[in-house]
Amino acid sequence: FDYSGIEFEVYDSNNVLINKVICDSYGSFSVNNLVSGNYYLKQVKTNDAYIESDDIYYFEVGDETEVQKIEVIPLVTEVELIKFYGEGENLVKEREVTFDIYNKDGLFYKSVATNEDGIVNIDLVYGEYLVKQRNSSVGYEMVDDFWIDARVKRDEKLVYTLVDEAIKLIFVINSLN
């Protein structure tokens with residue numbers, strides 16, 4: 001994940017702003033030239049992939065340098081896949097259907113499978129994902145691969161209703177004359 005642009009302000013124990021720091025892509029930053037004393041960090045800006053936090057992180061500067069770890073929370077999109085097979089009014093919940101999920105670079109992210117109600121719930125962190133169905137009920141086609149865009153903060157989960165249709169047989173009859 002890219003932490004670039006997440007910004008913190010550093011305050012002393014008298015609530016005086018001392019410095020502003022910006023994370024690099026790895027989430028690292030340094031605060032230099034602090035005299036011994038008590039300080040705190042406050043997040044003031046996030047990037048598109050993370051949720052802004054109101055948490056305050058206290059730390060003390062003394063004789064020894066200490067590495068502090070701060071947790072930033074990634075943006076998560078809840079996704080629900082509801083899987084059926086059949087046509088029209090004759091839809092049946094399709095259980096034990098496996099989907100492989102890949103990130104936008106084509107790297108495998110995870111596999112998920114529908115439950116007995118034909119449903120699978122997935123939490124996807126910020127990004128774009130390609131979803132590929134891996135199996136289907138006998139006699140039914142799999143749905144086409146599709147993309148999920150998990151780059152936008154949403155208040156509700158994304159719901160996809162997916163239906164496998166019956167495989168159509170084509171007969172060719174040649175007459176011999």
- Message: If you compare all heavy atoms of Ala113 against all heavy atoms of Val120, which two are closest, and at what distance to 0.1 Å?
- Response: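 Looks like O-CG2, 3.5 Å.
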
- Message: Using only atom types and a distance under 3.5 Å, with no angle test, would you say the side chain of Ser136 pairs donor to acceptor with the backbone of Met142?
- Response: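 Checking the backbone N and O of Met142 against the side chain of Ser136, no donor-acceptor pair under 3.5 Å is found.
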
- Query: Residues two or more places apart in sequence or in another chain: which of them pass salt bridge (charged side-chain N to carboxylate O under 4.0 Å, His left out) with Lys157?
  - Reply: Glu80

- Query: What residues form a ring-ring contact (aromatic ring centres under 6.0 Å, His included) with Tyr85, not counting sequence neighbours?
  - Reply: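 ring-ring contact (aromatic ring centres under 6.0 Å, His included) list for Tyr85, sorted by chain: Tyr140.
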
- By the rule that ILVMFWY residues connect when side-chain heavy atoms come within less than 4.5 angstrom, directly or transitively, which residues belong alongside Val44? none

- Query: In the hydrophobic clustering that connects Ile, Leu, Val, Met, Phe, Trp and Tyr at side-chain heavy-atom distances below 4.5 Å, which members other than Ile119 occupy its cluster, ordered by chain and number?
  - Reply: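 Noted: Ile119 shares its cluster with Ile82, Phe84, Leu91, Val159, Val163.
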
Report yes or no: do [X] and [Y] belong to one cluster of Ile/Leu/Val/Met/Phe/Trp/Tyr joined by side chain heavy-atom distances under 4.5 Å?
X	Y	result
Leu124	Leu158	yes
Trp147	Val131	no
Val112	Val97	yes
Tyr3	Ile22	no
Phe59	Val21	yes

- Task: Could you list the residues that satisfy side chain to side chain donor-acceptor pair (under 3.5 Å) with Ser13, not counting sequence neighbours?
- Result: none

- Item | With Arg151 via side chain to side chain donor-acceptor pair (under 3.5 Å) - residues at least two apart |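 Arg151 satisfies side chain to side chain donor-acceptor pair (under 3.5 Å) with Asp149 only.
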
- Item | Any residue meeting side chain to side chain contact (heavy atoms under 4.5 Å, CB included) with Asn47, in chain and number order, not counting sequence neighbours | Ile6, Ala49, Tyr50

Got a second to check how far [X]'s [atom1] is from [Y]'s [atom2], nearest 0.5 Å?
X	Y	atom1	atom2	result
Ile56	Phe8	CD1	CZ	10.5 Å
Phe99	Leu130	CZ	CG	12.0 Å
Glu52	Asp54	CD	CG	7.0 Å
Tyr11	Asn19	OH	CG	11.0 Å
Tyr39	Asp12	OH	CG	6.5 Å

With sequence neighbours left out, which residue pairs that include part of [range] fulfil the salt bridge (charged side-chain N to carboxylate O under 4.0 Å, His left out) condition?
range	result
residues 33-47	none
residues 82-93	Lys83-Glu94, Lys83-Asp164, Glu87-Lys168
residues 20-37	Glu9-Lys20

- Please lay out, stage by stage, how Gln133 and Leu162 fare under the test side-chain contact (heavy atoms from CB on, under 4.5 Å). CA-CA 10 Å; Gln133 184 177 340; Leu162 308 168; 5.8 Å; no

Kindly list each side-chain donor-acceptor pair under 3.5 angstrom involving residues 27-38, sequence neighbours excluded, with atom names and distances?
none

Which atom pairs, one a donor and one an acceptor, fall under 3.5 Å between side chains of residues 100-107 and the rest of the protein, sequence neighbours left out?
from   : atom 1 : to     : atom 2 : distance (Å)
Asp100 : OD1    : Ser111 : OG     : 2.4
Asp100 : OD2    : Arg134 : NE     : 2.8
Asn103 : OD1    : Asp105 : N      : 2.9
Asn103 : OD1    : Gly106 : N      : 3.1
Asn103 : OD1    : Leu107 : N      : 3.0

- Task: Please work out which of the three classes, parallel, tilted or perpendicular, describes the rings of Tyr109 and Tyr129, given edges at 30° and 60°.
- Result: tilted

